[in-house]
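Numbers here are sequence positions counted from 1.
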Amino acid sequence: MAERAPDGWTRVEQGLWEAFRHGRIHDLRAGDAEQDDPFGEAEWGPERTVRAEVLSRLLLDGPAAVPGRVASLKLTGARITGPLRLAGGTIGHYVELHDCRFEQKVLMSEAEAGTLRFVGCLVPRLEASRLVTTGDLHLARCRIPEGLRLTDARIGTDLLLNQSVLGADRYGRAVSADGLGVNQDVEAERIEVRGELSLRTCRIGGRLSLRGAQLHAVPGNRTCLNAVRMTVGHTLYLTSSADFGWVGSEAYYGSGYGESPASDAPSTPFRAHGRVRLSDSRFESACLISGEFHLEGDDELSLRRIQTPELRFSCKVPPTGAVSLSRARIGNLVDAPDAWPRGRRLGLTGFTYECLRPVAPFTVQQRIAWLEGSSVEFQPESYEQLAAALRRDGADDDAREVLYAKQRRRRQTLPLPARIWGRMQDVTVGYGFRPGRAALWLLLAWALGSAYFATHELQPLKADEKPHWNPVLYALGQLLPVVDLGQQGWNPGGADQWVVSGLVIVGWVLATTVAAGATRMLQRG
C-alpha cells in the first residue's frame, strides 16, 4: 500500500489520508458554532471540502495503517461533494463522521461493514437496503430530507436514530425499513419524521424506543407508522421523553421498563399525526403507549392481533380516532378510564387479557361503559372476558355486575316479546343477579297474600278436621311450598285457588333466586 496520498488530491484530502492511516480525527471545523452548523446557511469553502470519491477510496481500498495504529475514517465538519458510492463493497474500517454536510446521496446498499456512525450530518438521502453490519449503525441528530432506506438490512448490534429529522421520498415514505433485522436495540427517540415510518416484518432483538417521537403523515399517504408483523424481543415505547437532562436511553431507561422521570417534570410526548399500524406484531416484554394520537377521518390506531405479556395504555389525551384491539392477546392490561377514545371508536372483538391493572381508579361501571363504547354491536364474549378477568382478581361482585350488564345489553337485540319478558326479569329478579330485589318482591307477595287471606278464610280440607286458621302462615306456606307450616289442611276454591297458584309460582321463582344469592355469599365467606 502506498504511504502517500494519490496525485491530484487537495491538501485537505491529503490530510485526511494521513489521519486515516493514524486513526486520528480529521477536524475541519472553524471553531464558530454558527459557521460550523451543518444545517445552517454558512458557506463551506475548499478548506472544508472533501470529494466523496476520496472517502470511497479510503474505505474500499485504503492505505495500510501506521505500525502500531488502527486505520479508521474519522472526519468532522467536512463538506462532501458528489455521491458517496459504497454499494456492494466491504468496509473493513471503523467509520465515524460528525457534523458533515453531504451534497448528494449516500449509497451503501448491499455493503458489509463493522460499525458506521453518522452523527449530526446533513445527508440528502441514504440508500442502505440489505446493508450488513457487525456493529452499530448510528444516524443520531442527522437530517435526511429525502428519506432513509434500510429494507432487509442486518444490524449486528444497535440502530440509533435519536433526534434525527427525516423527510419523505416521492412515495411518501421517510423510513423504508421493511424486513430490517437488528440484534439489539432500535432507538429513535425524539425523532421527527414527515412521511411514513415503515418497519413491516422487522425483527428487533431488544427494544424499540420511540419516546418523544414526532410522526407526521404527508398528503397522499395517511400512514405515519407502519409496523405490522413486527417482532420486538423486549419492549415497544410509544411514550414521552423527559426534556431536562436528555442524554439517551442510558440515563433514564437502563434496565427493564426503566425509571420514569417525575410525573410533573417537563417532557415531550410521543405524537402521531396520522394512521398507526401495529397489527399482528409481537412484543416479548411489554407494549407501552402513552402518547398523543391525532387521527382524522378513517385514521386508526391498529393493535389488531398483537401479542404481549403487558399492554400499558395510559394516554393523557384520548386518541381522536378509532383504536382497534380486535383479536389481540394480552397478559396484563394496564390502563386508565380517560385513555380510551370516545363515541364508539373502540374495537374489542375477540380481545383477550388475563389481568386488569389500572393505573388510575377504574370502577366496574366505567369498565362496562368501556365495553359498551365498542364500535360494534352486542358481543357477549367481551362481557364474559371482562367478568373472567375480574373473578381472577377476586372481584366476584364486580364480575356479576358485568354479567348483569350483559343481559341488559342483550335484551336490546331481541324481538319485542322477548324484550318485554326480559324487562320483567330485570325488574323482578335482575336476571338472577339481584337476589335482594327478589327478596323484596317475595316480602311484598307475602304481605299481599296475608292481607287477602285475612278476609278470605278457607274451608278445611276435611269437614271434621278444622286446623287453626292463620292467614300469615298460610300465605308464607304457599310462597315456600317445601316448608310445612301446619297450614296444609285447607281447601282453596274459585278465586282463592287462583291466588294460591299465583303465590306458589311467585314463590318458586323468587325463593330460588334468593337461595342462589345466599349460596354465593356463603361460598365467598
[X] with [Y]: basic N within carboxylate O range, under 4.0 Å:
| X | Y | result |
| --- | --- | --- |
| Glu13 | Arg11 | no |
| Glu103 | Arg79 | yes |
| Asp36 | Arg48 | yes |
| Lys105 | Glu127 | no |
| Glu187 | Arg207 | yes |
| Arg304 | Glu300 | yes |
| Glu96 | Lys74 | no |
| Arg222 | Asp299 | yes |

Does the side chain of [X] pick up a donor-acceptor pair with the side chain of [Y] at under 3.5 Å?
| X | Y | result |
| --- | --- | --- |
| Glu296 | His294 | no |
| Asp178 | Thr201 | no |
| Ser290 | Thr239 | no |
| Ser285 | Glu310 | no |

Checklist entry - Cation over ring, Arg101 on Trp44, under 6.0 Å and within 45°? => result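 Yes, cation above the ring, under 6.0 Å and within 45°.
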Taking [X] for the side chain and [Y] for the main chain, is one N or O donor matched with an acceptor at less than 3.5 Å?
| X | Y | answer |
| --- | --- | --- |
| Thr76 | Leu28 | no |
| Asp136 | Asp158 | yes |
| Arg345 | Thr320 | yes |
| Gln366 | Thr363 | yes |
| Thr223 | Leu225 | no |
| Arg329 | Pro309 | no |
| Arg21 | Ala64 | yes |
| Arg69 | His22 | yes |
| Arg125 | Glu146 | yes |
| Asp335 | Phe313 | no |

Starting at [atom1] of [X], measure out to [atom2] of [Y] and round the result to the nearest 0.5 Å.
| X | Y | atom1 | atom2 | value |
| --- | --- | --- | --- | --- |
| Gln365 | Asp398 | CD | CG | 9.0 Å |
| Leu161 | Glu192 | CG | CD | 13.5 Å |
| Thr308 | Leu278 | OG1 | CG | 11.0 Å |
| Leu236 | Glu284 | CG | CD | 12.5 Å |

Heavy-atom pair of closest approach, residues [X] and [Y]:
| X | Y | answer |
| --- | --- | --- |
| Asn221 | Glu196 | ND2-OE1, 2.8 Å |
| Val232 | Leu208 | CG1-N, 4.0 Å |
| Pro319 | Pro341 | O-CB, 3.7 Å |
| Ala328 | Phe351 | O-CD1, 3.5 Å |
| Ser72 | Gly23 | OG-CA, 3.4 Å |
| Arg141 | Ser164 | N-OG, 3.2 Å |

Item to check | Full working for side chain to side chain contact (heavy atoms under 4.5 Å, CB included) between Leu371 and Tyr383 | outcome: CA-CA 7 Å; Leu371 283 185; Tyr383 292 83; 3.8 Å; yes
Item to check | With Leu86, the side-chain contact (heavy atoms from CB on, under 4.5 Å) member among Leu107, Leu59, Leu55 | outcome: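 Running side-chain contact (heavy atoms from CB on, under 4.5 Å) over Leu107, Leu59, Leu55 with Leu86 returns exactly one hit, Leu59.
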Side chain to side chain, [X] and [Y], heavy atoms closer than 4.5 Å:
| X | Y | value |
| --- | --- | --- |
| Cys100 | Leu75 | yes |
| Leu137 | Val182 | no |
| Leu97 | Ile80 | yes |
| Met108 | Ser129 | no |
| His26 | Val12 | yes |
| Val402 | Arg367 | no |
| Thr231 | Cys202 | no |
| Val186 | Leu199 | no |

Checklist entry - What orientation do His216 and His273 show, parallel under 30°, tilted 30 to 60°, or perpendicular over 60°? => result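 Rings of His216 and His273: parallel, as their planes differ by under 30°.
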Next on the checklist: Suppose we call two aromatic rings close when their centres sit under 6.0 Å apart. Are His93 and Phe20 close by that rule?
Outcome noted: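 When the ring centroids of His93 and Phe20 are compared, they turn out to be within the sub-6.0 Å range.
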Checklist entry - Would the Phe270 and Tyr237 ring centres measure less than 6.0 Å apart? => result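 No, the ring of Phe270 stays outside the 6.0 Å limit from the ring of Tyr237, centre to centre.
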Next on the checklist: Set out, in order, the CA-CA distance, both residues' side-chain angles and the distance that settles side chain to side chain contact (heavy atoms under 4.5 Å, CB included) for Cys224 and Val276, then state yes or no.
Outcome noted: CA-CA 6 Å; Cys224 64; Val276 175; 3.9 Å; yes
Checklist entry - What's the verdict on side chain to side chain contact (heavy atoms under 4.5 Å, CB included) for Ile330 and Asn332, showing C-alpha distance, side-chain angles and the deciding distance? => result CA-CA 6 Å; Ile330 307 300; Asn332 294 332; 5.7 Å; no
Do other residues, nucleotides or ligands put more than 12 heavy atoms under 6.0 Å from [X] [atom1]?
| X | atom1 | value |
| --- | --- | --- |
| Tyr171 | OH | no |
| Arg203 | CZ | no |
| Arg275 | CZ | yes |
| Arg342 | CZ | yes |
| Arg409 | CZ | yes |

Next on the checklist: Among Arg190, Glu189, Gln163, exactly one meets side-chain hydrogen bond (donor to acceptor under 3.5 Å, both in side chains) together with Ser241. Which residue is that?
Outcome noted: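 Only one option passes, and that is Arg190.
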Next on the checklist: Go through it in stages, so that I can follow the logic: the residues are Val50 and Thr81, the test is side chain to side chain contact (heavy atoms under 4.5 Å, CB included), and I'd like the CA-CA distance, side-chain angles, deciding distance and then a yes or no.
Outcome noted: CA-CA 6 Å; Val50 176; Thr81 60; over 6 Å; no
